[in-house]
Structure formats: structure tokens, C-alpha cells
Amino acid sequence: NFCNSGGEETKMARKTQISKEVILEAALKMLIRDGYSAINIKTLSKEIGCSTQPLVWHFDNMEGLRKALADYALKYANSKMCPSASESVNAFEQVGQAYIKMALYEPNLFQFVFLNGSDCYPVGDSDVILDDKDNRELIKMIAAEFQISEKSAEQYVRNTVIYTHGIASFLATGMMHLSEGEIMSMIHQAGNSFLKQAGIPEDRIPNP
């Protein structure tokens, strides 16, 4: 019995030599390169260069892997959208620019996280945008910085997010073909228009 027990422990150790991090990193690489439809237990184990056992051990099945990958991919996407600007509006625009770049250059990732693959990204009516913790903080900052009502700041944030997401969705799904420069110009001009609608004078609208 002792020998059998040791044998089982050795098998378990071999199964877990491939860590979750290694598996998820490989899955993310496949997701970005080939799209989520290309990922299954066999193709992912081949990508890693291991048997299917570590994947089954860590995630049980494809549903378990998909949920873990959704969270991992969302964290990766969010890490790419950290603004460097300190001013609220410029920081907000930088996030939008990163969002657009993801749709342009990593469309499979964008589709999985922000369109139809991830359980982590909230969906619903426009209140979902306004209820987001980071957006609420941004709305308060914009209202204070430009001395406008929070309702006006909400209008600006909501309109800008919806417009940017619409453009990004067109890009990620191949329904629109424009250069990065053209898209960024469109986003900037639309953002300025939404600021004016929110009651901010043109001479107070910041330049990036």
C-alpha cells in the first residue's frame, strides 16, 4: 500500500509540473493569434508541448479553462489601458486610445473580452457604464475639474464610451478599415464634441 501511495503521489506531481500560469499564458497567446475557437484541450496541450493531463488536472474541462482564461485575458487587457496622464479628460482619452489599439492589433482578444466571450465584462444598458467604480470616480473628477454637474459629466462619459466601443467593435470584427491615425482623430473630435455638449467651453477643453 505504501508503494502504491507513493506511485500515485508521483503521478500527481507530474500532472502539476505544468503550472496554471504556464497554461493560461499559452492559452492567451493562442487566443490573440488564432482566436478562441482554435483553443481546446488537445490544441492547447500541443501548444505547450505536454500531455492533456495537466490541463484536465487544473481546469477539469473546457468550461473551467474558458472561465479562467476569461479572467486572465481581462486582466491582460486592463493592464494595457493604464493611462499616464494626470488630467482626467486626457487620461480618459488615453484609455480610449488603448481600447482602439487593442481592437486594431489584437482583434481576437478584443472580441473575446469585450464582445462575446468573457463573463467578466459587464453587459446591460448604459447605466452599467455609469455604475462602474472607475467611471464613477472619473465622473466626479471631471465635474470638479470643470465645475459642471455630475449629470453633465455622466453624459460626456457615457457618450464617449458608447462611441468608442462602437468604433472599436467595427474594427475588431473587420467591418471598418481605417488607419490608426484616422481613428484616433475621429475619437478625439467626438470627445471634444461631447465635452462641449456637457457645457465645457472650447477654450477649456484640454489637448492631449
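Every heavy atom of this structure was used, including side-chain atoms; hydrogens, water molecules and symmetry mates were not.
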Do you know which two heavy atoms are closest between Gly96 and Thr164, and how far apart they sit? O-CG2, 4.0 Å
Nearest-0.5 Å distance, CG of residue Leu28 to CD of residue Glu21: 10.0 Å
Applying side chain to side chain contact (heavy atoms under 4.5 Å, CB included) between Tyr76 and each of Leu31, Val113, Ile32, report the one that passes. Ile32
Looking just at side-chain N and O atoms, do Gln189 and Ser193 make a donor-acceptor pair shorter than 3.5 Å? no
Pair Tyr36-Gln111, side-chain donor/acceptor within less than 3.5 Å: no
Run Met186 and Tyr163 through side-chain contact (heavy atoms from CB on, under 4.5 Å) and show every step you take. CA-CA 10 Å; Met186 290 171 60; Tyr163 180 83; 3.6 Å; yes
Does Val161 reach the side chain of Val157, with side-chain heavy atoms less than 4.5 Å apart? yes
Go through the side-chain N and O atoms of Ser152 and Gln155 and say whether any donor and acceptor fall under 3.5 Å apart. no
When you look at Lys101 and Glu106, which way does the salt bridge (Lys or Arg N to Asp or Glu O under 4.0 Å) test go after all the steps? CA-CA 8 Å; Lys101 287 180 181 179; Glu106 297 175 308; over 6 Å; no
Beyond-backbone contact of Ile41 with Asn61, side-chain heavy atoms, under 4.5 angstrom: no
Has Thr160 got a side-chain atom pairing as donor or acceptor with Gly191's backbone, closer than 3.5 angstrom? no
Which is it for Lys20 and Glu25 under the salt bridge (Lys or Arg N to Asp or Glu O under 4.0 Å) test, yes or no, and what are the steps along the way? CA-CA 8 Å; Lys20 275 189 176 183; Glu25 191 61 32; over 6 Å; no
Kindly assign one of parallel, tilted or perpendicular to the pair Tyr99 and Phe110, based on the angle between their ring planes and the thresholds 30° and 60°. perpendicular
Less than 4.0 Å between a side-chain N and a carboxylate O, is that true for Glu63 and Arg66? yes
Report the C-alpha separation of Leu55 and Cys50 in whole Å, then their side-chain angles, then the decisive distance to 0.1 Å, and conclude whether the side-chain contact (heavy atoms from CB on, under 4.5 Å) test is met. CA-CA 9 Å; Leu55 282 70; Cys50 67; 4.0 Å; yes
Is there a side-chain contact (heavy atoms from CB on, under 4.5 Å) between Ile23 and Phe59 once you walk through the steps? CA-CA 10 Å; Ile23 295 170; Phe59 304 105; 3.5 Å; yes
Could you tell me if the side chain of Leu65 sits less than 4.5 Å from the side chain of Leu44, heavy atoms only? yes
Closest approach of Asn108 to Gly35 (non-hydrogen atoms, all atoms of both residues): ND2-N, 3.4 Å
Arg204 side chain reached by Phe146 side chain, heavy atoms, under 4.5 Å: yes
Can you check whether Glu93 reaches Gln97 side chain to side chain, under 4.5 Å on heavy atoms? yes
When hydrophobic residues are tied together by side-chain contacts of less than 4.5 Å, even through go-betweens, does Leu171 share a cluster with Ile162? yes
Any side-chain heavy atom of Leu115 within less than 4.5 Å of one from Thr173? yes
For residues Ala91 and Ala85, report the shortest heavy-atom separation together with the two atoms involved. CB-O, 3.5 Å
How long is the span from the CH2 atom in Trp57 to the OG atom in Ser51, to the nearest 0.5 Å? 12.5 Å
Which pair of non-hydrogen atoms, one from Ala26 and one from Ile48, has the smallest distance, and what is that distance? CB-CG1, 3.6 Å
Counting only heavy atoms from other residues, nucleotides and ligands, does the tally under 6.0 Å from CZ of Phe170 exceed 12? no
Drop me the distance from Gln197's CD to Asn159's CG, to the nearest 0.5 angstrom. 6.0 Å
Treating Ile, Leu, Val, Met, Phe, Trp and Tyr as nodes and any side-chain heavy-atom pair under 4.5 angstrom as an edge, say whether Met81 and Tyr72 lie in one connected cluster. yes
Given Arg136 and Glu150, is the salt bridge (Lys or Arg N to Asp or Glu O under 4.0 Å) satisfied, shown in steps? CA-CA 9 Å; Arg136 286 290 352 146; Glu150 284 196 19; 3.3 Å; yes
Minimum heavy-atom distance between Ala27 and Ile39, given as atom pair plus value: O-CD1, 3.5 Å
Same apolar cluster: Leu24 and Leu74, side chain cutoff 4.5 Å: yes
Is there a side-chain contact between Ser84 and Gln94, using heavy atoms and a 4.5 Å cut-off? yes
Rounded to the nearest 0.5 angstrom, the CD1-CD1 distance for Ile167 and Ile183 is 5.5 Å
Indicate, with yes or no, if Leu195 and Met141 share a hydrophobic cluster defined by side-chain heavy-atom contacts under 4.5 Å among Ile, Leu, Val, Met, Phe, Trp and Tyr. no
State plainly whether the residues Lys75 and Asp71 are in salt-bridge range, i.e. N to O under 4.0 Å. yes
When every non-hydrogen atom of Thr52 is compared with those of Ser45, the smallest separation belongs to CG2-OG, 3.6 Å
What I'd like to find out is whether the side chain of His188 reaches to under 4.5 Å of the side chain of Ser185, using heavy atoms alone. no
Presence of salt bridge, Lys140 and Glu154, under 4.0 angstrom: no
Begin from the C-alpha positions of Phe114 and Ser169 and carry the test side-chain contact (heavy atoms from CB on, under 4.5 Å) through to its verdict. CA-CA 9 Å; Phe114 299 115; Ser169 299; over 6 Å; no
Calculate, to the nearest 0.5 Å, the distance between atoms CD1 and CD belonging to Ile148 and Glu145 respectively. 9.5 Å
State the CG-CD1 distance between Asn192 and Ile187, to the nearest 0.5 angstrom. 11.5 Å
